[in-house]
Structure formats: C-alpha cells, structure tokens
Amino acid sequence: MESGVQVDLHGKQALVTGGARGLGASIVRRMAGAGASVLVADLRKDLARDLCNELAAEMGRGDARFVELDVRDAAAVAEVFKDLEAEGQTVDILVNNAAVDVSKPIEHLSADEVTRVITTNLLGPMYLCLETYRRMVARGGGHIVNILSTAANRTWTEAGPYAAGKTGLRAFTHTLFKEAQRDCPGIGVTGIIAGGMETPFILERFPDADVSMLQSPDIVADTVLYALSVPAGSAVSELVVVPRKEPSWP
C-alpha cells in the first residue's frame with residue numbers, strides 16, 4: 001500500500017523499537033520511503049536484518065540498519081545512545097512501538113508476566129524517552145512518537161497489565177508534551193492511539209480473529225508520518241486511528 005502522506009525526512013535519522021515486523025516494520029518502511037535513515041531496534045535479529053536488506057534492495061541504498069535492543073534494559077538503552085554519539089550520530093525521530101501482551105484473567109497472571117508486560121510497554125518507552133528527550137532539548141529539536149492503544153481509554157477482560165501499561169504511557173506522553181512546550185518549541189511529542197491491526201501481535205494470539213474488524217498497519221504508519229508532517233507552529237499531541245468497526249472505542 002502506497003502512502004498518501006507526503007513528508008520529507010531526508011537528513012533525519014529515526015529509531016523505531018519493535019521495528020522488525022508488524023506495525024514496526026510498516027513504520028520503518030514509511031520512514032525510509034520518506035528519506036529517513038532508520039535504526040531498526042529489535043531482538044529479532046534475522047527479521048530485522050531481512051527488513052534492512054529488503055529496503056536496501058528496493059531503494060538502492062542502505063539507509064536502514066539493525067540495532068539489537070531490549071527496551072526493558074535501561075543500561076542497554078543508554079549504551080545505544082552513547083554508541084551513536086561516539087559515531088557522531090543523532091536520533092531525530094523516536095518511535096516507541098515495541099509492545100507485548102499476556103492475554104489471561106488477572107487471577108491466573110504471574111508476577112513475571114506482569115513485570116514483562118509493564119517493563120516492555122511502559123518502562124521501556126520511558127527509558128528511550130529519557131535518553132532521547134534531553135538530547136533533543138540540547139539540539140533544539142526532534143520528534144517523539146509513542147504508540148498507544150484504545151486500551152488506554154477503555155479496557156477489556158484479560159488485558160489488565162497491557163491496559164495499565166498503555167494508560168501509563170499515555171499519561172507520560174501528555175506530560176512530556178507539556179514539558180516540551182515549556183522546554184523547547186522545536187520538539188514534537190505525539191501519542192498515537194491505534195485500534196486493532198492485522199499484525200502478528202493480534203493474529204498469533206487470536207488466530208481466529210475476524211480480520212474484517214482489523215485495519216492495516218500501513219494506515220497507522222501513515223498516521224505516524226502525518227504527525228511528522230505538521231509545520232512548525234502547530235503540534236499534534238494525540239491522534240486516534242481505529243478500524244471503522246472498532247469495538248473498544250470510545
């Protein structure tokens with residue numbers, strides 16, 4: 001699916017977490033198509049490298065490269081940014097997309113499962129924002145996009161940790177937006193509330209899901225591009241993009 005959003009990202013470098021597949025891969029493709037250099041941050045080495053090779057073959061240039069990163073590890077996140085600085089590189093656009101879920105009733109959840117979901121979906125994006133935001137303030141600009149969920153507005157059963165993490169990330173995103181207004185007008189902060197998508201994130205857990213109720217991840221990736229396309233002087237703090245039949249919104 002071709003993008004209908006036009007934005008020029010030449011000269012910009014983006015870091016996309018969970019970028020190897022699903023929505024992350026759609027965002028990586030859109031970013032690269034708009035001219036950005038893209039760091040594909042993931043733990044799935046083979047998938048991420050295949051995506052980078054695919055983009056190099058399609059575009060005739062190697063502007064996507066794999067970065068192995070576990071967002072749950074604050075020290076590893078900090079090390080990635082130190083390594084980039086040592087190479088004279090910056091992250092102009094951060095997309096916090098990596099997320100996991102455990103679909104179980106609360107009475108059957110283990111502490112380890114809760115910790116994995118909350119650390120990946122809430123603390124991980126916060127670690128990335130901490131490293132990115134202060135550097136953007138120092139440079140005078142940049143953009144942070146946090147991928148949220150309809151679960152941040154209205155939850156459902158078997159989604160306790162997931163809803164808690166996404167609700168917390170939405171609150172953190174709103175706070176970061178207000179601080180950017182105060183600290184540096186050149187920094188954009190956008191939360192994107194995405195409804196159900198036809199990606200492995202849903203289909204691996206719910207193989208019998210009705211795909212007619214889901215949207216393409218490319219649509220959500222276009223929404224990310226739109227957030228980046230808004231001229232200076234305006235700001236997109238939050239966007240909602242859901243399938244027309246989305247049952248969990250509003």
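Since the structure is predicted, the reported quantities are computational estimates derived from the model, not experimental observations.
To the nearest 0.5 angstrom, D46 atom CG is 12.5 Å from L51 atom CG. Rounded to the nearest 0.5 angstrom, M31 CE and D63 CG are separated by 13.5 Å. In this structure, CZ on F66 lies 10.0 Å from CG on L47, to the nearest 0.5 angstrom. Atom CG of residue L214 and atom CD1 of residue I202 lie 5.0 Å apart, to the nearest 0.5 angstrom. The structure places CZ of R72 at 14.0 Å from CG of L122, a figure rounded to the nearest 0.5 Å. Taken to the nearest 0.5 Å, the CG atom of L9 stands 4.5 Å off from the CD1 atom of I93.
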Tell me, with the steps shown, if I27 and L23 meet side chain to side chain contact (heavy atoms under 4.5 Å, CB included).
CA-CA 6 Å; I27 294 170; L23 174 58; 3.8 Å; yes
Test side chain to side chain contact (heavy atoms under 4.5 Å, CB included) on L128 and L15; report intermediate values, then the result.
CA-CA 10 Å; L128 269 294; L15 188 153; 4.2 Å; yes
Step-by-step side chain to side chain contact (heavy atoms under 4.5 Å, CB included) determination, L84 to T90
CA-CA 6 Å; L84 289 172; T90 61; over 6 Å; no
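Checked against E54 for a salt bridge (Lys or Arg N to Asp or Glu O under 4.0 Å), the options R29, R49, R21 give a single hit: R29. Between T173 and the choices N96, N146, T190, I192, the side-chain contact (heavy atoms from CB on, under 4.5 Å) rule is met once, by N146.
For D101 against F201, the heavy-atom pair with the smallest separation is CB-CZ, 3.8 Å. Between A64 and L55, the shortest heavy-atom contact is CB-CD1, 3.8 Å. Scanning both residues, A78 and E131, for their nearest heavy atoms gives CB-OE2, 3.5 Å. Closest approach of L203 and E198 over heavy atoms only: CD1-CG, 3.8 Å. For C129 against I144, the heavy-atom pair with the smallest separation is SG-CG2, 3.9 Å. Between A34 and V7, the shortest heavy-atom distance links the atoms CB-O, 3.4 Å.
With hydrogens and angles ignored, the 3.5 Å screen pairs no side-chain donor or acceptor of Q13 with any backbone N or O of L39. Although no hydrogens or angles enter the test, the distance criterion places a donor-acceptor pair under 3.5 Å between the side chain of N97 and the main chain of G18. Side-chain atoms of K166 do not come within 3.5 Å of backbone N or O of N153 as any donor-acceptor pair. Looking only at distances, a side-chain donor or acceptor of N121 sits under 3.5 Å from a matching main-chain atom of V100.
By the neighbour-count criterion of 12 heavy atoms within 6.0 Å, atom OH of Y226 is sparsely surrounded, having that number or fewer from other residues, nucleotides or ligands. The environment of D210 atom CG is dense: over 12 non-hydrogen atoms of other residues, nucleotides or ligands sit within 6.0 angstrom. By the neighbour-count criterion of 12 heavy atoms within 6.0 Å, atom CZ of R244 is sparsely surrounded, having that number or fewer from other residues, nucleotides or ligands.
Side chains of I147 and V224 form a contact here, defined as non-hydrogen atoms less than 4.5 Å apart. Proximity of V40 to V16: side-chain heavy atoms (C-beta onward) are nowhere separated by under 4.5 Å. In this structure the side chain of I193 reaches within 4.5 angstrom of the side chain of T150, judged on heavy atoms. At least one side-chain heavy atom of D92 sits under 4.5 Å from a side-chain heavy atom of R139.
In summary, K82 and E85 do not engage in a salt bridge, as defined by a charged side-chain N under 4.0 Å from a carboxylate O.
There is no path of hydrophobic side-chain contacts, each under 4.5 Å, that joins Y127 to V95. Hydrophobic clustering places V91 together with V137 (ILVMFWY residues linked when any side-chain heavy atoms are closer than 4.5 Å, directly or through intermediates). Hydrophobic clustering places M197 together with V5 (ILVMFWY residues linked when any side-chain heavy atoms are closer than 4.5 Å, directly or through intermediates). Both M126 and F81 belong to a single network of hydrophobic side chains, linked directly or stepwise wherever heavy atoms of I, L, V, M, F, W or Y lie under 4.5 Å apart. At a threshold of 4.5 Å between side-chain heavy atoms, the hydrophobic network of Ile, Leu, Val, Met, Phe, Trp and Tyr places V241 and W249 in two separate groups.
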Side chains of residues 103-111: which donor-acceptor pairs under 3.5 Å do they make with residues two or more places apart or in other chains?
residue: S103; atom: OG; partner: R205; partner atom: NH1; Å: 2.7
residue: K104; atom: NZ; partner: E113; partner atom: OE1; Å: 3.3
residue: K104; atom: NZ; partner: E113; partner atom: OE2; Å: 2.6
residue: S110; atom: OG; partner: E113; partner atom: N; Å: 3.1
residue: S110; atom: OG; partner: E113; partner atom: OE1; Å: 3.4

Donor-acceptor list for residues 232-239 side chains, cut-off 3.5 Å, not counting sequence neighbours:
residue: E238; atom: OE1; partner: R170; partner atom: NE; Å: 2.9
residue: E238; atom: OE1; partner: H174; partner atom: NE2; Å: 2.9
residue: E238; atom: OE2; partner: R170; partner atom: NH2; Å: 2.7

